[in-house]
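One structure is given below, encoded as structure tokens.
Values below: every heavy atom of this structure, side chains too, minus hydrogens, waters and symmetry copies. These figures come from a predicted structure and were not determined experimentally.
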Amino acid sequence: MTTEMLGGMTDIRPQMIVAESPKHDLWHTALALLDDVAARLKLEPGIHAMLRQPERELTVSVPVVMDDGLIKVFTGYRVQHSSARGPYKGGIRYHPNVNLNEVRALAALMTWKCAVVGIPYGGAKGGVQCDPSQMSQDELARMTRRFTAMIMPIIGGRRDIPAPDVNTNAQVMAWMVDTVSMLERKAVMEVVTGKPVSLGGSLGRREATGRGVAISTEELLKRKGQHLSDTTVAVQGYGNVGSVAATLLHEMGARVVAVSDISGGIYNPKGLDIAAINKHVEAHPKRLLEGYAAPGVEKVTNDELLLLDVDVLVPAALEHQIHADNAPFIKAKMIVEAANGPTTPEADAILNDRGIIVVPDILANAGGVVVSYFEWVQDLQAFFWDEEEVNKNLHRIMVRSFKEVWDVSEKEAVPLRLAAYMLAVGRVAQSVRERGIFP
Ligand code: GLU
């Protein structure tokens with residue numbers, strides 16, 4: 001296989017990609033970034049064309065008997081972007097806004113994320129368009145089982161390994177493992193990661209994404225010569241990622257001054273009592289910040305939180321929260337992207353011009369998939385590690401990856417996002433070259 005052969009294709013923009021609304025579509029964002037990086041890397045047009053298009057996309061209809069006895073039909077997706085570096089890997093999201101272009105983009109982000117931290121996976125993503133907040137546990141279980149059965153032809157421990165994402169968790173993964181194991185008539189724990197520890201899950205997996213965010217923040221501050229104890233932090237999103245990131249950063253000595261979730265935000269410039277907030281959230285029926293009050297704590301909206309005068313802003317909610325309209329007014333000096341795709345390309349350019357450093361999602365939030373990898377390795381060997389071992393290895397990989405991205409950023413004089421993409425796309429392209437094109 002020669003470079004010439006891979007570059008032989010002239011039309012690098014096959015007709016399939018139709019972004020729904022160019023400015024606010026995550027897939028459009030993902031493609032624009034890839035095109036930019038491909039040009040910088042002088043990527044062979046053939047490889048560029050391959051990476052512009054997911055390898056496989058499955059749309060499924062998911063009928064569910066609701067508690068009232070009526071049938072509701074949900075739409076689900078599993079998109080497999082690239083298998084160049086190993087089996088496909090990526091989470092499953094339950095959200096009303098799930099759509100094919102979003103899942104495509106999130107699948108591509110997984111390809112780059114796994115490559116940038118050097119774990120042996122490709123990238124995939126799945127989702128069901130639904131509003132889990134309006135569904136009972138029984139309805140969620142039935143929807144999960146039917147969805148799993150529908151995507152079973154393309155998933156598997158050596159094929160494509162789902163995991164939790166927005167509004168899915170260890171319980172959802174347990175239903176998936178059970179469904180696949182029953183249908184295959186054997187235990188297939190390795191088919192998903194992020195499972196309960198009692199079912200082949202890994203210690204430290206639930207906290208892993210937030211822990212990775214905290215480690216990335218620490219690495220960034222070190223390079224800026226700033227101490228955590230002199231650092232204020234605001235976290236948008238208080239789910240599995242944001243709450244753990246806030247808790248760990250607080251424990252590491254930072255002053256977490258604001259947090260928010262779908263119910264709104266809270267702010268205390270002197271620092272929030274994170275332990276008390278976590279207690280409140282655990283006791284809340286929907287695990288929300290709603291109703292939390294304490295002396296010195298003011299209410300803020302999600303939009304206001306993003307504009308607070310803090311050192312580090314951690315967007316840990318959904319995509320495109322930082323956009324052209326609010327980016328000019330962001331006061332944070334550093335942004336650590338815990339969510340996937342929280343910054344639009346327009347906002348990214350504005351932040352860059354304003355000298356605000358952004359640690360990109362594919363690096364900052366990679367801790368989750370790194371410990372998913374450890375979980376998978378443990379499942380395949382049926383030999384489990386203690387939490388210390390998990391956290392030590394996570395720390396090692398995050399620190400190494402941060403350094404590699406930082407070094408490229410310095411050497412090429414590009415922002416961290418471009419550096420991370422250059423590393424990631426370069427690694428995936430290398431695998432494609434080495435494998436060649438089947439047949
Ligand atoms: N959903 C997480 C992410 O976006 C984790 C994926 C995984 O563990 O496979 O990175």
**Report entry** Check: R354 side chain, I330 main-chain N or O, donor-acceptor pair, under 3.5 Å
**Finding:** yes

Query raised in the report: For residues D303 and T301, is any side-chain donor paired with an opposing acceptor at under 3.5 Å?
Result: no

**Report entry** Pair E412 + R40, salt bridge at N-O below 4.0 Å
**Finding:** no

Requested in this report: Measure from the side-chain N and O atoms of S431 to the backbone N and O of R85, and report whether any donor-acceptor pair falls under 3.5 Å.
Outcome: no

Query raised in the report: Any donor and acceptor pair, going by atom type alone, linking the side chain of R142 with main-chain N or O of V65 inside 3.5 Å?
Result: yes

Query raised in the report: Do P345 and L33 touch side chain to side chain, with heavy atoms closer than 4.5 Å?
Result: no

Query raised in the report: Can E389 and K392 be counted as an ion pair, charged N to O under 4.0 angstrom?
Result: yes

Query raised in the report: Under 3.5 Å, is there a donor-acceptor pair between the side chain of D311 and the main chain of T232?
Result: yes

Query - Pairs where residues 109-120 contributes a residue and the test salt bridge (charged side-chain N to carboxylate O under 4.0 Å, His left out) is met, not counting sequence neighbours - result: none

Query raised in the report: Do the non-hydrogen side-chain atoms of I215 and V399 ever get within less than 4.5 Å of each other?
Result: yes

Query - Between K89 and T111, a side-chain donor and acceptor under 3.5 Å - result: no

**Report entry** Any residue meeting side-chain hydrogen bond (donor to acceptor under 3.5 Å, both in side chains) with S260, in chain and number order, not counting sequence neighbours
**Finding:** N302

Query raised in the report: Do H320 and T343 have side-chain N/O donor and acceptor atoms under 3.5 Å apart?
Result: no

Query raised in the report: Can you name the residues that form a ring pair (Phe, Tyr, Trp, His ring centres under 6.0 Å) with F374, not counting sequence neighbours?
Result: W385

Query raised in the report: What pairs with R396 under salt bridge (charged side-chain N to carboxylate O under 4.0 Å, His left out), at least two apart in sequence or on another chain?
Result: none

Report summary line: When rounded to the nearest 0.5 Å, the distance separating CZ of R417 from OG of S409 is 12.5 Å

Query raised in the report: Is there a side-chain contact between F147 and V60, using heavy atoms and a 4.5 Å cut-off?
Result: yes

Query raised in the report: Is a donor on one side and an acceptor on the other found under 3.5 Å between the side chain of N365 and the backbone of A339?
Result: yes

**Report entry** salt bridge (charged side-chain N to carboxylate O under 4.0 Å, His left out): pairs with one or both residues in residues 121-130, sequence neighbours excluded
**Finding:** K125-D165

Query raised in the report: Does one side chain, of H48 or D35, offer a donor that lies under 3.5 Å from an acceptor on the other?
Result: yes

Query raised in the report: Is a side-chain N or O of R223 found less than 3.5 angstrom from the main chain of E219, in a donor-acceptor match?
Result: yes

Query - Heavy-atom neighbours of K222 NZ exceed 12 at 6.0 Å - result: yes

Query raised in the report: Any luck finding a side-chain donor-acceptor pair between N340 and D361 under 3.5 Å?
Result: no

Query - Atom NZ of K403: over 12 foreign heavy atoms under 6.0 Å - result: no

Query raised in the report: How would you list, by chain and number, every residue that makes a side-chain contact (heavy atoms from CB on, under 4.5 Å) with E190, sequence neighbours excluded?
Result: V188, W376, D379, L380

Report summary line: Residues A366 and M398: closest non-hydrogen pair is C-SD, 4.3 Å

Query raised in the report: By side-chain contact (heavy atoms from CB on, under 4.5 Å), which residues pair with A429, not counting sequence neighbours?
Result: L43, I47, R433

**Report entry** Sidechain-backbone polar pair: K195 side chain, A170 backbone, donor-acceptor under 3.5 Å
**Finding:** no

Query raised in the report: Any Lys/Arg nitrogen of D261 or R287 sitting under 4.0 Å from an Asp/Glu carboxylate oxygen of the other?
Result: no

Query raised in the report: Between the side chain of H81 and the main-chain N/O of L51, is any donor-acceptor distance below 3.5 Å?
Result: yes

Query raised in the report: Quick one: ring pair (Phe, Tyr, Trp, His ring centres under 6.0 Å) partners of Y373, sequence neighbours excluded?
Result: Y121

**Report entry** Result of checking V358, N352, I357 against L416 for side-chain contact (heavy atoms from CB on, under 4.5 Å)
**Finding:** I357

Query raised in the report: Does R427 come within less than 4.0 Å of E404, counting only side-chain N to carboxylate O?
Result: yes

Query raised in the report: Counting N and O atoms only, with roles assigned by atom type, does the side chain of N326 sit under 3.5 Å from a partner on the main chain of F329, one being a donor and the other an acceptor?
Result: no

Query raised in the report: With side chains defined as the heavy atoms from C-beta onward, is the minimum distance between P87 and I161 less than 4.5 Å?
Result: yes

Requested in this report: Enter the distance from N169:CG to N240:CG here, rounded to the nearest 0.5 Å.
Outcome: 8.5 Å

**Report entry** Which residues share a side-chain contact (heavy atoms from CB on, under 4.5 Å) with E319, sequence neighbours left out
**Finding:** L26, R93, E102

**Report entry** All side-chain hydrogen bond (donor to acceptor under 3.5 Å, both in side chains) counterparts of S202, not counting sequence neighbours
**Finding:** Q378

Requested in this report: Under the side-chain contact (heavy atoms from CB on, under 4.5 Å) rule, collect the residues that match up with S243, sequence neighbours excluded.
Outcome: Y238

Query raised in the report: For the atom pair CG (L307) and NZ (K331), what is the distance rounded to the nearest 0.5 Å?
Result: 5.5 Å

Query - D160: side-chain hydrogen bond (donor to acceptor under 3.5 Å, both in side chains) partners, not counting sequence neighbours - result: R78, Q80

Query raised in the report: In Å and rounded to the nearest 0.5 Å, what is the OG to CE distance from S372 to M173?
Result: 9.5 Å

Query raised in the report: At what distance, to the nearest 0.5 angstrom, does CE of M252 lie from OG1 of T247?
Result: 12.0 Å

**Report entry** I262 CD1: over 12 foreign heavy atoms closer than 6.0 Å
**Finding:** no

Query raised in the report: Do the side chain of Q129 and the main chain of N99 share a donor and acceptor less than 3.5 angstrom apart?
Result: no

